[in-house]
Amino acid sequence: MAMPNASDEQLQANIDYACSNGVDCTQIQPGGVCYEPNTLYDHASYVMNAYYQSHGRIEDSCRFNRSSCWVFVDPSYGSCVYYT
């Protein structure tokens with residue numbers, strides 16, 4: 001998940017990085033099940049989690065230049081399901 005205090009620039013960089021490194025980002029595009037709420041924080045959290053899950057669930061896949069944090073509650077909502 002994204003850190004609540006991460007800058008918009010860092011969140012966008014995280015989205016760009018994850019989406020260009022194997023994460024299917026169609027879910028955060030208009031019409032995607034995770035598009036709403038349409039915030040950088042929510043979109044970044046979704047793709048950062050997807051990147052972590054798809055890259056071995058190791059600590060190195062969750063660094064994102066110190067703009068990520070661990071969560072212990074499933075952040076899924078409605079039809080937007082976070083990979084676990």
Check whether any side-chain heavy atom of Cys34 lies under 4.5 Å from a side-chain heavy atom of Tyr77, and answer yes or no. yes
If you compare all heavy atoms of Ala2 against all heavy atoms of Cys69, which two are closest, and at what distance to 0.1 Å? O-SG, 3.8 Å
Between Met1 and Tyr83, is there a shared hydrophobic cluster once you connect ILVMFWY residues whose side-chain heavy atoms come closer than 4.5 Å? yes
Hey, are Gln12 and Asp16 close enough side-chain-wise for a donor-acceptor pair under 3.5 Å? yes
Using the test side-chain contact (heavy atoms from CB on, under 4.5 Å), find all partners of Ser54 that sit at least two apart in sequence or belong to another chain. Val23
Is the closest side-chain heavy-atom distance between Asn14 and Ser67 below 4.5 Å? yes
Can you find a heavy atom in the side chain of Val71 that is under 4.5 Å from one in the side chain of Asn49? no
Consider only side-chain heavy atoms of I, L, V, M, F, W and Y, link residues closer than 4.5 Å, and tell whether Leu11 and Tyr35 are in one cluster. no
Which atom names give the shortest non-hydrogen contact between His55 and Asn21, and what distance separates them? CE1-O, 3.1 Å
Angle between ring planes, Tyr82 versus Tyr46, binned at 30° and 60°: parallel, tilted or perpendicular? perpendicular
Output for pair (Cys19 SG, Gln29 CD), nearest 0.5 Å, gives 7.0 Å
Listed partners of Ser68 passing side-chain contact (heavy atoms from CB on, under 4.5 Å), at least two apart: Met48, Cys62, Phe64
Assess whether side-chain contact (heavy atoms from CB on, under 4.5 Å) is satisfied between Tyr52 and Arg63, documenting all intermediate values. CA-CA 9 Å; Tyr52 168 74; Arg63 294 197 189 275; over 6 Å; no
Val47 to Cys25 - nearest heavy-atom pair and separation: CG1-SG, 3.6 Å
Point-to-point distance, once rounded to the nearest 0.5 Å, from CG of Asn65 to CE of Met3: 12.0 Å
Enter the distance from Ile15:CD1 to Tyr51:OH here, rounded to the nearest 0.5 Å. 15.0 Å
